[in-house]
Amino acid sequence: MAETSAFREAVGGWANGGPGERARELAGRLGVRTAVLLEGLSDLAAVETLAARQGRDLAAEGVCVVQMAGAMNVGRYALTLGPPGLGLRLTGLCDIRERPFYERGFDRAGAPADAVFACSADLEDELVRALGTARVEELVHAEGDDRAWQTFLRQPAQLGRPRPQQLRRFLGTKKGRKIRYGHLLVEALGPGQVPAPLTHLFASL
């Protein structure tokens, strides 16, 4: 796990203009063959939680999941990790509105764009719809966030908005909340509830 974290850090440095020797060394030592490009930390939390639930050791399978701190960085990460850089197979998960960034980035790196799996709005939207709003509100209550949730609902901008949209917005209103719920929402999924983009991503690995 420590070496995986070190690899991610080295890749981030390389993608942002630093040297690539450390990333190359660690990729060889870890046997990395596939890189999964994610927009941010909440997506990483969800993907790693689902892998654990499915009993999959992605590192042992030669898969490294990398969060890029924003979809607009995908071009640099694809060049770093894909054929022009480490030569890894690339796949990714993104919000539907960010898919053009991924497709252009993958194309520039010589990687197939059909390896990108897009969520209908974003991953939180997929997870809220999979669980249903009542179940998500139960989780909010169980996490001790009920008071913050009720305060949020009284905001003028939230009046009359559909409950799924309110929940998605609430998850992003406090630093770290999306990451925490990225884990919790996946943990709460029942049989047959895994959203299609995640199902397709894991089937491709």
Side-chain angles (χ1 to χ4, degrees), residues 1-52 56-119 121-124 126 171-172 175-180 182-183 186 197-198 200-205:
M1 185 63 181
E3 286 199 324
T4 297
S5 297
F7 174 67
R8 289 171 177 157
E9 184 177 346
V11 165
W14 188 9
N16 287 290
E21 290 80 5
R22 178 65 171 159
R24 289 187 184 280
E25 174 198 347
L26 287 168
R29 188 186 306 170
L30 293 167
V32 183
R33 297 188 302 274
T34 299
V36 182
L37 300 185
L38 304 176
E39 293 186 47
L41 288 168
S42 62
D43 303 315
L44 178 63
V47 168
E48 289 189 329
T49 300
L50 184 58
R56 294 186 64 170
D57 185 341
L58 295 182
E61 295 176 31
V63 177
C64 186
V65 185
V66 178
Q67 71 86 19
M68 305 176 296
M72 287 186 287
N73 296 320
V74 68
R76 296 200 306 274
Y77 276 83
L79 289 171
T80 298
L81 291 164
L86 289 179
L88 305 180
R89 172 177 169 265
L90 299 181
T91 186
L93 183 75
C94 64
D95 302 348
I96 188 65
R97 65 182 177 277
E98 312 296 0
R99 182 165 193 147
F101 292 112
Y102 269 69
E103 290 178 342
R104 286 195 295 271
F106 274 48
D107 184 64
R108 284 177 56 208
D114 62 2
V116 176
F117 303 97
C119 300
D122 55 26
L123 185 52
E124 289 75 27
E126 295 279 358
L171 296 181
K175 185 178 171 113
R177 184 178 283 155
K178 277 181 73 172
I179 300 170
R180 179 160 52 98
H183 166 76
V186 171
L198 282 174
H200 297 325
L201 174 68
F202 272 72
S204 76
L205 300 178

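When a residue number appears, it is its place in the shown sequence, counting from 1.
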Could you list the donor-acceptor pairs under 3.5 angstrom formed by side chains in residues 72-85, with sequence neighbours left out?
residue, atom, partner, partner atom, Å
N73, OD1, R76, NH1, 3.4
N73, OD1, R76, NH2, 2.9
N73, ND2, M68, O, 2.8
N73, ND2, A69, O, 3.2
R76, NE, A15, O, 3.0
R76, NH2, N16, OD1, 2.9
T80, OG1, R76, O, 2.9

What side-chain donor-acceptor pairs closer than 3.5 Å can you find for residues 3-12, not counting sequence neighbours?
residue, atom, partner, partner atom, Å
E3, OE2, R29, NH1, 2.6
S5, OG, M1, O, 3.2
R8, NE, V65, O, 2.7
R8, NH1, E48, OE2, 3.4
R8, NH2, E48, OE2, 2.7
R8, NH2, V65, O, 3.1

- Message: For L86 and V32: C-alpha separation, side-chain torsions, deciding distance, then whether side-chain contact (heavy atoms from CB on, under 4.5 Å) applies.
- Response: CA-CA 9 Å; L86 289 179; V32 183; over 6 Å; no
- Task: Show your working on side-chain contact (heavy atoms from CB on, under 4.5 Å) between S42 and L123 and close with a plain yes or no.
- Result: CA-CA 9 Å; S42 62; L123 185 52; over 6 Å; no
- Task: Evaluate the criterion side-chain contact (heavy atoms from CB on, under 4.5 Å) for residue pair D95 and E39; output intermediate values, then yes/no.
- Result: CA-CA 8 Å; D95 302 348; E39 293 186 47; 3.3 Å; yes
- F117 and L198: CA distance, side-chain angles, deciding distance, side-chain contact (heavy atoms from CB on, under 4.5 Å) verdict: CA-CA 8 Å; F117 303 97; L198 282 174; over 6 Å; no
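Screening residues 57-75 for salt bridge (charged side-chain N to carboxylate O under 4.0 Å, His left out), with sequence neighbours left out, gives R56-E61. Under the salt bridge (charged side-chain N to carboxylate O under 4.0 Å, His left out) criterion, no residue pair touches residues 82-91, with sequence neighbours excluded. Sorted by first then second residue, the side chain to side chain donor-acceptor pair (under 3.5 Å) pairs that include residues 105-116, not counting sequence neighbours, number zero.
Between atom CG of residue L44 and atom OG1 of residue T49 there is a gap of 8.5 Å, rounded to the nearest 0.5 Å. Here the CZ-CG distance, from R97 to D122, works out to 6.0 Å after rounding to the nearest 0.5 Å. Interatomic distance, CG of L37 versus OH of Y102, reported as 6.0 Å (0.5 Å rounding). Rounding to the nearest 0.5 angstrom, the gap separating the CG atom in L26 from the SG atom in C64 is 10.0 Å.
Under the 4.5 Å side-chain criterion, counting only non-hydrogen atoms from C-beta, V36 is not in contact with L93.
Closest approach of P19 to W14, counting heavy atoms only: O-CB, 3.7 Å. Across every non-hydrogen atom of G92 and L201, the tightest pair is O-CD1, 4.2 Å.
Here R180 pairs with E143, D145 under the salt bridge (charged side-chain N to carboxylate O under 4.0 Å, His left out) rule; sequence neighbours left out. For I96, the side chain to side chain contact (heavy atoms under 4.5 Å, CB included) partners at least two apart in sequence or on another chain are A118. Checked against salt bridge (charged side-chain N to carboxylate O under 4.0 Å, His left out), E124 has the following partners two or more places apart in sequence or in another chain: K178. Considering only residues two or more places apart in sequence or on other chains, R22 meets the salt bridge (charged side-chain N to carboxylate O under 4.0 Å, His left out) condition with E25. Every salt bridge (charged side-chain N to carboxylate O under 4.0 Å, His left out) that R99 has, sequence neighbours left out, goes to E103. Remark: T91 engages no residue in a side-chain hydrogen bond (donor to acceptor under 3.5 Å, both in side chains) (not counting sequence neighbours).
For R104 and F101, the positive end sits near the middle of the six-membered ring, less than 6.0 Å away and at most 45° from its axis.
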